[in-house]
Chemist: 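I am attaching a structure below and will ask some questions about it afterwards.
Below, chains carry the letters A, B, ... as their sequence lines are ordered, and counting in each starts from 1. This structure is a prediction, so every number in the text was calculated from the model and none was measured. Note: hydrogens, waters and symmetry copies are ignored here, and every other heavy atom, side chains too, is used.
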2 protein chains.
Amino acid sequence: MGITKSEHFTDKQNELATLAKAIGHPARIAIIEHLIKVNSCMCGDIVNELPLAQPTVSQHLKELKNAGLIKGNFEGNAICYCLNEEGFNKIKDFFQHINTYLENKKNQCC
Amino acid sequence: MGITKSEHFTDKQNELATLAKAIGHPARIAIIEHLIKVNSCMCGDIVNELPLAQPTVSQHLKELKNAGLIKGNFEGNAICYCLNEEGFNKIKDFFQHINTYLENKKNQCC
DNA sequence: TATTTATATTGCAATATTACGATATATATG
DNA sequence: CATATATATCGTAATATTGCAATATAAATA
């Protein structure tokens, strides 16, 4: 059906899924990596950096913004984007939990 | 178009996107969390744990397996699933990179 | 205010994902 | 081998995502 039954899962699970899903596209990975590289930049720079049309990039930026992974400020008539710490902090705990588990695990069946 | 132009991105970017996408569903988050909680378990336990039909769960398990995030072994006539360290290690570096950046960043526009 | 520049939104076609009933397959055991 | 149990696959409907051309909007400046 293409419709996720999110009402059956916890808020935390849905939130993590939303964050991971937002990261789950190569164009959005590329945007995140570019923002790390240059610290912050104009939206137009990202459009030039990616092999996608401007409306497509705008859409990807919107998804990252909605997920809380980036934020943008008007700077003149352009918009300056950069990473949003809040969003990444939410995922951090999840992966730390997993890593701690993986480092200490024993007696697995596989 | 619903078709990701993966040929325009690096292998690394596509790989990370695939991993994040696999995590990007609450049912698959629930599966990962359950496997951490019980260390390893029969496929049937996961089916009982989730509010989804058996074929749907089977499909989610397949996606996690294809992404390299879980693995399964036959144990009698059932299958024992557990986390696959390899997959999670690939994401780990990405997030560590981001976290290191976020902890040291300065002079952002936003 | 008119123009330019930068970004967002709309509308739509192509493709992907989610979900599940029905069914197939694989293993264990009688 | 027949049956039971566990899991996977198939087929299909509903919905979501991706991508872009066309267009709208917002801010700066002439």
Chemist: Can you check the A:I46 CD1 to C:dA6 P distance for me, whole Å?
Modeler: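 About 14 Å, once rounded to whole Å.
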Chemist: When you measure from the side chain of B:R28 to the backbone of B:A22, do you find a donor-acceptor pair of N or O atoms at a distance under 3.5 Å?
Modeler: yes
Chemist: To the nearest 0.5 Å, what is the distance between SG (B:C82) and NZ (A:K105)?
Modeler: 7.5 Å
Chemist: Any side-chain N or O of A:Y81 less than 4.0 Å from the OP1 or OP2 oxygen of C:dA6?
Modeler: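 The answer is no; no side-chain N or O of A:Y81 sits under 4.0 Å from OP1 or OP2.
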Chemist: Taking only side-chain N and O atoms of A:K62, does any of them lie within less than 4.0 angstrom of OP1 or OP2 on C:dT9?
Modeler: yes
Chemist: Can you check whether B:N39's main-chain N or O pairs, donor with acceptor, with A:Y101's side chain at less than 3.5 Å?
Modeler: yes
Chemist: Tell me whether B:N104 contacts the main-chain N or O of B:T100 through its side chain, where contact means a donor paired with an acceptor under 3.5 Å.
Modeler: yes
Chemist: Taking atom P of D:dT7 as reference, at what distance in whole Å does atom NZ of B:K71 sit?
Modeler: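 To the nearest whole Å, that distance equals 19 Å.
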Chemist: Both B:I79 and A:E63 contact DNA chain D. Which one's nearest nucleotide lies toward the 5' end?
Modeler: B:I79
Chemist: Is the side chain of A:N84 donor-acceptor paired with the backbone N or O of A:K71 at a distance under 3.5 Å, no angle test?
Modeler: no
Chemist: Between A:L16 and A:K90, which heavy-atom pair has the shortest distance, and what is it?
Modeler: CD2-O, 3.9 Å
Chemist: What's B:K21 touching, base or sugar-phosphate or nothing? Going by heavy atoms closer than 4.0 Å.
Modeler: sugar-phosphate
Chemist: Taking protein heavy atoms under 4.0 Å as touching, what does nucleotides 19-30 of chain C look like 5' to 3' if B marks base contact, S marks sugar-phosphate-only contact and - marks none?
Modeler: BBBB----BS--
